[in-house]
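Structure, as C-alpha cells:
Note that the coordinates shown come from a computational prediction; the quantities given were computed from them, not determined experimentally. Throughout, protein chains are lettered first and strands after them, A, B, ... in sequence-line order, and every chain is numbered starting at 1.
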Amino acid sequence: MANDVEFGLHLIEGDPNLTFILFVGTVLLVVIAARFGAYAYMNVRESAPDQRVLWEYLFFVGVVTTLYGLVSVLEVVSSVRTRFKGGVMLAAVLLLALGLREIYYNAALSTSAEGRTGQFRGREGIELAFVACVAVVIFGTARFGLTDALLALQGAGALAFAGYGFWFGRRQTAETMVQGTMIDSLLRHLLPVMAFATLVPAVDLATVAGLPRVIVVHVQVVFVIMTATALMTATIKLRQNLAGL
Amino acid sequence: MSEDESAGVGPPGPVLDVLADPTQGQHRLPYLLGVLDDGDAADRLTAATALCLVVEDEPDMLPYVVERLVDRLDDDAPVEVGHALDYLAAGNPRAVDETVSAMTEADEVRARRALYQSGGGFARSEYLQPGAGECDVGRTRLAGAGSVDDPRQVRTIDPEADDDPLTEADDAGGDGGPAGDHQEVDHPDGRQVTRGTLSLVADRLSEVIERSRFEVLDVLSDRRRGRFGDVYRASGRLDDEDVGVALVVFRLPNGDWQRFLGDLRAALARWDGVDDHDRVRTVHDWGLRPRPWAALSFTDETLADRPLAGQVPADGDDGDRDVSDDDRDVSAGAEPSGDGQRPSLDAAVAATLDLADGLVHAHQHGVVHGALDPETVAFPGTALTVTERQRPFVTYPGITTAYAGHADVAEFVDPRYAAPEYFDDRFGAVDHATDVYGLGLLCYRLVTGDHPYDGPLSAVREAVVDDRSLRPSAVDPAIPAALDRVIGKATATRKLKRYETLTVFRRELRSIDGE
C-alpha cells in the first residue's frame, strides 16, 4: 500500500490556483495551530491541577487542527487522498464548543462537579451524540467516501456544535461579572475561531445541494485561512495567561 | 571553682560571677566575648546575658561591647550575638546608633542589617505595630495606626526663620555632643527631637546630601521606620524652588547586596521614569551611595494612617501591639483608634480613580507596582488642601520587585491586601493583574472604611485564597450593587476572572462614578 504513494505536486480538483492557495493556507494553519497547541500545553503544565481542564481542551484543539492541516498538505505533496479530513475539522469544532462550555460551567476553572452551576438535564447525552456524530463522519467518509448523507451529517453536525458552543459563549459574555476580564477576552478570541472553523466542514452542505466540488473547496480554503488568523490572535491570550503563571 | 573545672558542667565560672555581680564585669568583658566565639549554645546565651548586664551597669562600656559584637557579625555568627546587639539597641537606641554610625561603612551595613532582622515574616509591614514608646526601633505601624489629630503638615520653609531645628542645633553649638543632646526642639510632627539628635542625623546623611542635586537640603526630623527603610523629613531647594522632601534611606536585605543594589537601581530608575504623572509620587532625586536613598516629594500621611470606619478613640491606646506569628490577631479590638469618619462614596470612588490613573500610567510604561496596600497610598497633607478633596498618590511603584529576589516579599505588603499569588504559587506570578487585585482591595478599603480581611494571619490567608467575592454592600447596604460587581471582579482569586487591564477596571469604575 505504502509503495502506491507517490510524492510530488498533486493538483487538488485539477486546479493549479486552488492547489497553490490551499497549500499556502494549510501550511499557515499547521504552523499557527501547532503554536496554539504548544502554548495551551504550556498552560496545562503551569496551571494547578484544578485549573487545567480548559487548557486541555484548547491543547487538543491545537493538535486536531494541526492534524487537519498536515493531512491537507499531504494531499498536495502526495497522491494520498484523505476523505475523512472534514471529520477531523469537525472534531476540532466540537472540542472548541466543549471548551466554551467548560468556561461557562466552570467559572472557577475547577473540574469538580459541585463547582459547576447551571447544568441541565441531558447535557451528557447531547455531548455523547456529538462525539458519535464525529465518529460516524470520520469512519464513514474513510470507509464509504464523501457520500451526500455523510456530508450532510458533517455540515449539520458542525452547525449544531457551533450552536452549542455559541449558546454558552453568548451567555458567558453577557454576564456582567465576566465582562472585561481575562476569561472574557479569551472567550471573545475563541468565538471567531469557532465560527470560521465551523464553516470549513459546513460548506460541504453546498456540495449536497449540487454546487461543484471545486467551488466548495475554494470557499473552504478561505475559511481555513480565516481560522488560522483567528487562532493567531487567540494564541496571544494564551501567551498572556502563561506569562502570569 | 576554676574556669577549667567549670567546663562542661554548665556556664563557666567567670560568667556566673558576672551574672551574680555585674559591677565586677568590666574586667571580664574579653572573656565573655571569647565565650561567644567558642562556647556551646547555653554558654553563649549566658555570656550574652552577662554582657548586657555589664553594659546596663556601666553604660560607658556600650560602644566597646557593640563594636566587638559587630566584629562577630559574619555569615555564621551565633544568634546570641544578634540577640545581645538587639537587646542593647532596644535599651539604648541612640547610643547604639551613634556607635554604629561611627563605624566603617561595611561594619555599619552589617550592624544595621542585623538590627533590622529583629522582625520576621510580615513583621515589618503595618500589619504589626511598634513597641510602645519606640518608633525608630522595632516594628512599624499597623494600617490606620496614625492618630487623626496628628499635627504633621507640610511647612513652608523660610530660610530666614530661626526656628529651624537643624539651624538651632548648629546655633547651640551642638556637634552631637552631650550639651546639644539635652536641648529639646518642638518638632513639627509633635515629637520632641533633641538638637543633638538632629545634628547627628545631619552628619549621618551628609554624604547623601552632598551627592544629591539639591541646592540645599535640610533634615528636619530624626528617622522614622518606613516600609523600605528609614524616612527623614527634610526641606530642600531644587531649581530655585523650596520643596518638602521625604528622604528615604533603603535598608539592605541579606545576601548579595551588590546584586540587590542593581535591582534597586533599576526599580528606582523605573519609578523616576513614571513620576511625571500627577498621581505618582515624585522622586526628586535618588542614589545608591553611601547607602541607597531617594528624595521623594513630601506627603503628610498614607491611607494606613487614616482611621478605620466606626472606630472610637481610646484614651491612652495608640493601638500598639506586638504579634509575630500566624496566630496574631488584627481583629477590631486591636485596631488603631480613629474618629471613624470615612469619605463619601463619591470621594472614595474618585480616590480610587486617581490611583487607577497613576497605575495605568505606570503600566503603560512597563512598571508594575506589585504591592499595593494602604501604606503605599499617600495623601499630600491637610495644610495644603483645606477645602478640596485629598487626592492620593501612588507611591513606591515597583520597589517591592527589587526586594523580591533578596528578601521575603511578604515583608513588604500588608497580608490583608496581598493577592493570592503572594500566598500560593498556583495563582501565578506577581504581575499587572496583582495591581488590579490590589487596587480592588484599596477601593474596598476606601469605600467601606474597613479592611477587606481581618483576623489571624492564617485566617486571612485562607480567606484570600478561597474562591469568594468581596461585597462592600455587606458592610454598608447603601453601596450600590454595581460597585459590588466591580470590586468583586477586580479581587477575583483567579487572574483569569480579574479585569484584564486596569484601563477596563477604571472604565467600569467611572461608569459607577457617573451614575
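- Side chain of B/K495 to main chain of A/M182: no donor-acceptor pair is present (N/O by atom type, distance under 3.5 Å, no hydrogens or angles).
- For B/D424, the CG atom is densely surrounded, since the number of other residues' heavy atoms within 6.0 Å is greater than 12.
- Taken to the nearest 0.5 Å, the CD atom of B/E500 stands 10.5 Å off from the CD1 atom of A/I183.
- Of the two parts of A/E46, neither the backbone nor the side chain holds a non-hydrogen atom closer than 4.5 Å to a non-hydrogen atom of chain B.
- Under a cut-off of 6.0 angstrom, the local environment of CZ in A/F60 is sparse, with at most 12 non-hydrogen atoms contributed by other residues, nucleotides or ligands.
- Of the two parts of B/R498, only the backbone, made up of N, CA, C and O, holds a non-hydrogen atom closer than 4.5 Å to a non-hydrogen atom of chain A.
- Of the residues considered (A/G180, A/S185, A/A243), A/G180 shows the highest number of contacts with chain B, using heavy-atom pairs under 4.5 Å.
- Rounded to the nearest 0.5 Å, atoms NZ (B/K489) and OG1 (A/T181) are 6.5 Å apart.
- By the 6.0 Å contact criterion, OH on A/Y41 is open, its count of non-hydrogen atoms from other residues, nucleotides or ligands being 12 or less.
- Looking at B/A433, there are no atoms closer than 4.5 Å to chain A (heavy atoms on both sides), in backbone or side chain.
- Dense packing is recorded around CE of A/M42, with more than 12 heavy atoms of other residues, nucleotides or ligands lying under 6.0 Å away.
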